[in-house]
Amino acid sequence: MQTGAPTEKQVGDTHTPPGLPSGTAQRIGVPREIFPGEKRVATMPEVVQKLIKLGFTVSVESGAGEEANVSDEAYRAAGATVIEGAAKLWASSDIVFKVRAPTADEVALMREGSSLISFIWPAQNPELMQQLAAKKVTVLAIDALPRMLSRAQKMDALTSMAGVTGYRAVIEAANAFGRFFNGQITAAGKVPPAKVFIAGAGVAGLAAIGTAAGLGAIVRANDTRAEVADQVTSLGGEFVKVDFEEEGGGGGGYAKVMSEGFQQAQRAMYAKQAREVDIIITTALIPGKPAPKLITAEMVMSMKPGSVIVDMAAEQGGNCELTEPGKAVVKHGVTIVGYTDLASRLSTQSSTLYANNLFRLTEELCKTKDGVINVNMEDDAIRGLTVVKDGQITWPAPAPKSVPAAAAKPAASAAPAAKKAHGHGGASEPMAGNKLAIMFGVTAALFWFIGANAPAAFLGHFTVFVLGCFIGYMVVWNVKPALHTPLMSVTNAISSIIAIGALVQISPITGAAGRPDELIRWIAAGGIVLTAINMFGGFAVTQRMLAMFRK
């Protein structure tokens, strides 16, 4: 079986199943998920309507949405055809939308030349990849999406599902925990808040932090990537740092495998947290590798009776040594939740988000809106997703052309090298001081020249202008970039003081000829209009941002 990139003839080809006339609308089929415990469905009625507007016809297997609280009647009302039996649906579909990777029996039902969009996990399923290639189908693995591409975010089903599982993990922890999350003072006594530690602050971890903090718990979190510390703090958590300097970013939103020295320091920190907290939620995963063991049996034994561990990495072996995938067990007085179907436990929400991700992908595949997909292998996002193209295995994809990540790292490391060339780091500081003194000297001379020659009325306005520039610089540039958006909306509103000056100028002014100066009036009128837009826009943006944080 050939692997690697497709030939020139294949690149950019419109994928039309054999026997289907060019330009004929393709049929999207949505089978019922047969994986044990899977309750999600690959599309929802509201998305069916959008797919039909793109020119496709849609078929759904009877009962496919039952576990996600969607009836066959709802699909029919949206314009889909409901088909009895999986064999008939697979045989009649040009494109199949699925959640879980297909089984061998499902692959056998696929029609040669059709397309499949689903979670595939090609690194973990080499046999499945060979079976799909033998069927001469085209397969787009939604889990293989190049997540570093900004335009790929709308199609990122991994992020969507991670957000759901992070939320659900906290709900499962609350269900297994014997006390309130929030602290309370009642007539019956004082209830301390629960202490929650979250290992891993990726998408799932951040969702768990926000949920636990919203429930009133004291939340702590750790991640090997130092850049997520601000995100943890912004969600109401406390970032717990490992006493070891090493960067853990592995690209694509994942962490990398850390050095042994870092892992030892990390284990010491986890052991300390295990003794102090009530709930631990672990989220650590490394692509293509078993989940790292973060919580040892000794740590579990050191936890307080009644404590809870929710292991979100259970499907990949678990972050806790005592996790039993798919089960909730009690060991040493600690409840260890190892459910592998957290997203399915919020099946309606998960299905809605996943269906939207697939619709956004379909939009990219069918930009002509004629109901026929075009698997364009020149598109970085589509190329990354495509793991099998017309029976040829094309996974793994090359690095996206639009993200020159490899070239960025040497440029970033050039700064320390430049410092070393100057000696011991402080040699460049006197030069900077000299430049600053020269700049102030030139500025002072310029101000003296203006003051000596300009009219007295101009000096007053000029002084206010200079002070305004200075205050604006101190207010805006000394604030963290994360706060710039709300800050700018407020300062825009405050800047409407300009309207007062414009109102003064729009009043009758006598020019040199003894007549009102119409030019100044029109300039002032324009200033009032622009400032009014600035003022009301600033308040509108501020209100919208504040509304995001109101419950």
(message) Looking at R27, is its backbone amide N or carbonyl O close enough to the side chain of S93 to form a donor-acceptor pair, meaning the two atoms are under 3.5 Å apart?
(response)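 Not a single qualifying donor-acceptor pair exists.
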(message) Given 3.5 Å as the limit, does a donor-acceptor pair link the side chain of Q131 with the main chain of V107, or not?
(response)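 A pair under 3.5 Å: no.
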Roughly how far apart are [X] [atom1] and [Y] [atom2], rounded to 0.5 Å?
X    : Y    : atom1 : atom2 : result
L365 : L385 : CG    : CG    : 8.0 Å
D105 : M110 : CG    : CE    : 14.0 Å
E106 : L132 : CD    : CG    : 10.5 Å
I382 : E364 : CD1   : CD    : 6.0 Å

(message) Strictly by salt bridge (charged side-chain N to carboxylate O under 4.0 Å, His left out), give each pair with a member in residues 74-92 just once, sequence neighbours left out.
(response)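 As it turns out, the salt bridge (charged side-chain N to carboxylate O under 4.0 Å, His left out) pairs with a partner in residues 74-92, which skip direct neighbours, are E73-R76.
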(request) Output every pair passing salt bridge (charged side-chain N to carboxylate O under 4.0 Å, His left out) with a member in residues 201-212, not counting sequence neighbours, ordered by first then second residue. (result)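 Qualifying pairs: none.
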Between [Y] and [X], does any NZ, NE, NH1 or NH2 come within less than 4.0 Å of an OD or OE carboxylate oxygen?
X    : Y    : answer
K293 : E298 : no
R383 : E378 : no
K50  : E363 : no

Taking everything shown except [X] itself, do over 12 heavy atoms lie less than 6.0 Å from its [atom1]?
X    : atom1 : result
K154 : NZ    : yes
E127 : CD    : no
K327 : NZ    : no
F56  : CZ    : yes

(request) For D156, check salt bridge (charged side-chain N to carboxylate O under 4.0 Å, His left out) against everything at least two apart and list the hits. (result)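 If we apply the salt bridge (charged side-chain N to carboxylate O under 4.0 Å, His left out) test to D156, skipping adjacent residues, the hits are R147.
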(message) Please verify the inter-ring angle class for F177 with F181; under 30° counts as parallel, over 60° as perpendicular, anything in between as tilted.
(response)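 Because their plane-to-plane angle is over 60°, the rings of F177 and F181 count as perpendicular.
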(request) Please name all residues satisfying side chain to side chain contact (heavy atoms under 4.5 Å, CB included) with S344, sequence neighbours left out, ordered by chain then number. (result)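 For S344, the residues satisfying side chain to side chain contact (heavy atoms under 4.5 Å, CB included) (neighbours in sequence not counted) are E38, K39, R40, D341.
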(request) Please name all residues satisfying side-chain hydrogen bond (donor to acceptor under 3.5 Å, both in side chains) with T283, sequence neighbours left out, ordered by chain then number. (result)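 Partners of T283 by the side-chain hydrogen bond (donor to acceptor under 3.5 Å, both in side chains) criterion come out as none, since no residue qualifies.
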Pairs of donor and acceptor atoms involving the side chains of residues 328-335, under 3.5 Å and at least two apart or interchain, shall be tabulated with distances.
from : atom 1 : to   : atom 2 : distance (Å)
K331 : NZ     : L322 : O      : 3.3
K331 : NZ     : E324 : OE2    : 3.1

(message) With heavy-atom distances below 4.5 Å as the criterion, would you say the side chains of N222 and V242 are in contact?
(response)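 Side chain of N222 against side chain of V242, heavy atoms only: contact under 4.5 Å found.
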(request) Go through T211 and R168 one step at a time and tell me if the side chain to side chain contact (heavy atoms under 4.5 Å, CB included) criterion holds. (result) CA-CA 9 Å; T211 306; R168 184 68 192 194; over 6 Å; no
(message) Ring centroids only, cut at 6.0 angstrom: are Y354 and F97 within range, meaning strictly under it?
(response)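 No, too far apart.
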